[in-house]
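All remarks here apply to the structure that follows.
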Amino acid sequence: MASSSPIPKTSYHARSISLPSRPHPLIPQIDAHLCILRASEATSSSSSITDKLSSLENLYDCMENLLLLPLSRQALVQHQNQKWVNEVADGYLLLLDVCSVAEDALLQTKEGVQELQSTLRRRPYGEHGAANEVAEYLASRRKVKKVISKSLRDLKSKQRKCDFSTSEKEPETVALVCILREVEVATLTVLESLLSSIAGPKMQSKTSKWSLVSRLMHSKRVESEEEKAEFGEFEKVDAAFQTHISQKTSKSFNIKAENVQNLLGNLELSIHDLDGGVGSLFRRLIKTRVSLLNILNH
């Protein structure tokens with residue numbers, strides 16, 4: 001099973017951000033959305049990531065309205081030639097690149113799942129049924145993981161600290177840049193979590209793999225919420241098929257066809273939810289970057 005690179009840890013400070021003296025009502029709203037995202041950092045199941053993507057949508061709606069304010073536009077225009085202001089717009093270009101990688105990975109995995117589902121409806125799952133298609137699916141997943149691994153390595157090398165001197169700079173500009181960078185880092189954190197979920201763990205021990213597989217073999221067993229969070233839908237399907245491929249006979253590994261279809265069906269639903277959230281985020285990122293470029297170029 002292909003491995004993914006360690007996820008670069010990204011964090012952002014839990015502090016209140018505000019434009020000077022009399023903050024606009026949008027500022028507390030932005031703070032509230034950031035706090036929600038911070039509180040959910042520890043969770044990484046498909047459903048929790050979908051919730052995070054939804055929170056990002058609300059966050060970007062507020063930020064887009066903030067960029068429309070005359071005070072915000074003026075604050076950026078006054079320092080439009082400064083490196084630390086232009087870096088903000090470049091940061092959102094990086095977010096678009098990472099978002100595109102996630103979209104492509106979801107699409108490729110979804111296509112593989114749908115092909116498998118179609119095959120399994122025609123042929124039973126067993127020692128010979130659909131063996132080639134399962135191998136093709138796993139090969140496709142290895143390609144996805146390789147792309148994600150490279151993206152995360154590149155992301156780690158491009159990550160930069162947001163420290164800059166506030167001396168001789170208008171507080172309005174400093175505050176706005178801080179907001180934009182806080183939102184950028186929060187978005188990166190969610191996207192990293194998403195890519196990690198799609199790729200699965202870097203390495204799964206033999207013991208943990210068989211622990212997961214044994215759970216999948218019992219169709220009537222009800223998973224606890226902790227187990228659902230521990231093993232994501234991507235990992236469940238990968239583990240089931242990878243373990244089957246590694247066995248010489250089907251006697252040592254036997255998952256009912258119904259269970260396989262359930263696994264694939266659950267994964268397809270997860271991909272559908274994630275894909276919708278990623279697509280919506282991508283559109284908002286484009287809108288934000290265009291707004292920033294329009295401000296800085298006028």
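Listed by first then second residue, pairs satisfying side chain to side chain donor-acceptor pair (under 3.5 Å) with a partner in residues 271-282 read Glu57-Ser280, Ser280-Arg284, not counting sequence neighbours.
With a 4.5 Å cut-off on side-chain heavy atoms, Leu93 and Arg289 count as touching. A heavy-atom distance below 4.5 Å is not found between the side chains of Gln74 and Val77. At a threshold of 4.5 Å between non-hydrogen side-chain atoms, the residues Arg141 and Phe234 count as touching. At a threshold of 4.5 Å between non-hydrogen side-chain atoms, the residues Leu94 and Leu155 count as touching.
Note on Phe282 and Leu191: same hydrophobic cluster, where clusters join Ile, Leu, Val, Met, Phe, Trp and Tyr whose side-chain heavy atoms are under 4.5 Å apart, directly or indirectly. When the side chains of ILVMFWY residues are joined at heavy-atom separations under 4.5 Å, either directly or via intervening members, Val147 and Val113 end up in a single hydrophobic cluster. Hydrophobic clustering keeps Leu68 apart from Leu296 (ILVMFWY residues linked when any side-chain heavy atoms are closer than 4.5 Å, directly or through intermediates). Transitive grouping of hydrophobic side chains (ILVMFWY, heavy atoms separated by less than 4.5 Å) brings Ile271 and Leu120 into a common cluster. Leu269 and Leu53 fall into different hydrophobic clusters, where Ile, Leu, Val, Met, Phe, Trp and Tyr residues are linked whenever their side-chain heavy atoms come under 4.5 Å apart, directly or through other members.
The pair Glu41-Lys52 does not count as a salt bridge, with every side-chain nitrogen at least 4.0 angstrom from each carboxylate oxygen. Here Arg142 does not pair with Asp238 in a salt bridge; the nearest charged N to carboxylate O distance is not below 4.0 Å.
A distance-only check finds a donor-acceptor pair linking the side chain of Ser55 to the backbone of Asp51 [under 3.5 Å]. When atom types are taken as modelled, the side chain of Thr119 and the backbone of Glu115 share a donor-acceptor pair closer than 3.5 angstrom. Under a 3.5 Å cut-off, the side chain of Ser291 and the backbone N or O of Lys287 do form a donor-acceptor pair.
Contacts of Asn294 classified as side-chain contact (heavy atoms from CB on, under 4.5 Å), with partners at least two apart in sequence or in another chain: Val290, His298. Take Ser270 and apply the side chain to side chain donor-acceptor pair (under 3.5 Å) test, not counting sequence neighbours, and it matches no residue. Annotation: side chain to side chain donor-acceptor pair (under 3.5 Å) contacts of Glu268 (sequence neighbours excluded): Gln114, Gln117. Residues that satisfy the side-chain contact (heavy atoms from CB on, under 4.5 Å) test with Thr288, not counting sequence neighbours, are Tyr60, Met63, Glu64, Leu67, Tyr92, Leu292.
Across Leu176 and Ser72, no two heavy atoms sit closer than the pair CD2-O, 3.4 Å. Residues Glu192 and Leu152 come closest through the heavy atom pair CG-CD2, 4.4 Å. What you find for Val183 and Thr187 is that their closest heavy atoms are O-OG1, 2.7 Å.
Separation of atoms CD (Glu133) and CZ (Phe241) is listed at 10.5 Å; rounding is to 0.5 Å. We find the CG-CD distance between Asp90 and Glu184 to be 9.5 Å, quoted to the nearest 0.5 Å. Atom NZ of Lys145 sits about 9.5 Å away from atom OG1 of Thr109, to the nearest 0.5 Å. The structure places CG of Leu188 at 4.5 Å from CG of Leu95, a figure rounded to the nearest 0.5 Å. Note that CZ of Arg38 is 10.0 Å distant from OG1 of Thr189, once rounded to the nearest 0.5 Å. Atom CD of residue Gln29 and atom CG of residue Leu66 lie 10.5 Å apart, to the nearest 0.5 angstrom.
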Just distance, no hydrogens or angles: give the donor-acceptor pairs under 3.5 Å from side chains in residues 98-108, sequence neighbours left out.
residue	atom	partner	partner atom	Å
Ser100	OG	Leu96	O	3.0
Gln108	NE2	Ser140	OG	3.2

